[in-house]
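Counting starts at 1 for both ligands and their atoms, following the listed order.
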Amino acid sequence: MVKIKNKLIIGGPCAVENKTQLYNTFQRIHNHVDVFRAGIWKGRTSPKNYSGFGTKALPWIRDIQKKYNIPVAIEVGTTKHVELALKYDVRKIWLGARTTVNPFAVQEIAESLRNTDIDIWIKNPIISDMGLWTGAIERFNRVGIKKIKTIYRGFYSEKNKTYRNEPRWDLLKLFKTHYAHIPIIFDPSHLSGDTKYIGNLVQNINREIVSGFMFEVHDNPSEALSDKNQQLDPEEFKMIINKLIEKSD
Ligand code: PEP
Ligand code: MN
């Protein structure tokens with residue numbers, strides 16, 4: 001069921017932390033999302049950081065999909081992840097910004113999905129190299145994947161900045177000009193790195209350019225094991241969605 005006309009709404013925790021956190025978060029937002037997100041393998045910059053609940057969370061994800069008939073999307077970074085995702089009926093997967101920069105990884109993942117009817121969402125690469133971004137899309141095109149979307153989450157920058165990642169709206173527009181047929185999902189959580197900016201970013205984004213939104217939502221953000229500052233509380237999330245509904249045609 002589409003919650004907002006012409007816009008795909010994706011929401012859920014940065015990472016699955018345990019069964020209760022996963023089910024509680026899902027229960028509190030499932031009426032407001034088209035797709036629930038739940039990272040189980042986290043490609044963290046430091047190995048000291050929480051790296052996800054892993055494969056043991058897949059039966060819960062399958063259970064949620066079956067019981068509620070709402071698709072769940074997860075991130076994949078290796079062909080082993082792809083194999084496991086398919087085994088547990090996960091049909092929407094995304095490539096993280098740190099994977100899109102690596103042509104070897106992208107090619108291997110693309111090959112492992114050859115001619116499947118999977119939905120693949122490719123996050124823009126962590127650095128602002130348009131060639132890596134479009135190259136990754138092309139690799140999935142070439143193996144016969146038809147359902148390709150991209151997720152815009154801004155770019156890493158060393159400059160002093162307001163947001164966690166630099167928006168580079170110019171590159172987003174450029175992408176849209178050349179790849180008008182690829183839907184763009186906007187991820188204000190990873191772009192901003194802080195919930196205080198998310199409402200404004202969503203209100204101000206050019207709605208003609210984006211086909212949907214991906215939000216990080218956690219049932220108890222202050223206790224989150226990853227991306228604590230950018231995960232919305234379910235009530236904050238619903239307020240943002242309600243504002244989007246007011247503005248939709
Ligand atoms: C994520 O969506 O969980 C994530 C790690 O984001 P990104 O790849 O954009 O940093
Ligand atoms: Mn995250």
Side-chain angles (χ1 to χ4, degrees), residues 8-17 21-22 25-26 29 33 35-54 57 61 71-78 81-82 85 90 92-102 105-106 109 119-129 132-133 136-137 149-157 161 163-168 171-172 175 184-195 197-198 201-202 205 210 212-233 236-237:
L8 187 73
I9 301 297
I10 304 152
C14 174
V16 175
E17 297 171 5
Q21 171 252 3
L22 172 68
T25 308
F26 179 80
I29 68 168
V33 298
V35 181
F36 186 72
R37 66 154 280 160
I40 61 173
W41 297 294
K42 309 299 297 176
R44 304 308 300 279
T45 303
S46 165
K48 289 190 204 125
N49 294 340
Y50 181 62
S51 62
F53 203 85
I61 286 173
V72 180
I74 64 172
E75 175 175 344
V76 296
T78 68
H81 295 163
V82 170
V90 177
K92 297 185 191 296
I93 56 181
W94 80 83
L95 247 54
R98 290 160 192 76
T99 302
T100 311
V101 289
N102 182 341
V106 175
I109 293 170
D119 257 298
I120 181 94
W121 305 337
I122 303 165
K123 285 199 153 194
N124 68 262
I126 198 159
I127 53 160
S128 55
D129 181 332
L132 283 172
W133 191 359
I137 291 169
K149 292 182 175 44
T150 194
I151 301 180
Y152 188 64
R153 41 82 78 211
F155 297 98
Y156 175 78
S157 163
K161 55 201 175 183
Y163 302 128
R164 178 181 182 183
N165 288 296
E166 209 186 341
R168 294 300 304 266
L171 295 185
L172 181 63
F175 178 88
I184 299 171
I185 307 293
F186 180 42
D187 173 352
S189 306
H190 287 91
L191 188 139
S192 70
D194 194 322
T195 53
Y197 298 120
I198 294 179
L201 281 167
V202 167
I205 189 93
V210 300
F213 297 89
M214 182 193 251
F215 297 95
E216 282 192 338
V217 191
H218 190 289
D219 72 329
N220 187 7
S222 62
E223 299 291 319
L225 299 181
S226 58
D227 287 351
K228 195 188 255 201
N229 297 334
Q230 69 187 43
Q231 299 208 60
L232 294 161
D233 156 90
E236 289 174 312
F237 168 67

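- Between the side chains of Asp227 and His218, not a single donor N or O lies within less than 3.5 Å of an accepting N or O.
- Relative ring orientation between Trp41 and His81 is described as parallel, the plane-to-plane angle staying below 30° on a 0-90° scale split at 30° and 60°.
- Between Trp121 and Trp94, the ring planes are parallel. Angles under 30° get that label, and only those over 60° would be called perpendicular.
- Panel note: side chain Gln21, backbone Ala15; a donor-acceptor pair is recorded below 3.5 Å.
- In this structure, Thr100 contributes its side chain and Lys123 its backbone to a donor-acceptor pair below 3.5 Å.
- Angle NE2 (His190) to the Mn ion (ligand 2) to OE2 (Glu216): 90°, rounded to 10°.
- When you scan the N, O or S atoms of Asp227 for the one nearest the Mn ion (ligand 2), you land on OD2.
- A distance-only check finds no donor-acceptor pair linking the side chain of Arg153 to the backbone of Pro188 [under 3.5 Å].
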List ligand 1's nitrogen or oxygen atoms that come under 3.5 Å of a protein nitrogen or oxygen, with the partner atom and distance.
unit_1	atom_1	unit_2	atom_2	d
ligand 1	2 (O)	Arg37	NH1	2.9
ligand 1	2 (O)	Lys123	NZ	2.7
ligand 1	3 (O)	Arg37	NH2	2.8
ligand 1	3 (O)	Lys42	NZ	2.7
ligand 1	6 (O)	Lys123	NZ	2.9
ligand 1	6 (O)	His190	NE2	3.3
ligand 1	8 (O)	Ala97	N	2.8
ligand 1	9 (O)	Lys123	NZ	2.8
ligand 1	9 (O)	Arg153	NE	2.6
ligand 1	10 (O)	Arg98	NH1	2.9
ligand 1	10 (O)	Arg153	NH2	2.9

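- Between Phe237 and Ile9, some side-chain heavy-atom pair lies under the 4.5 Å cut-off.
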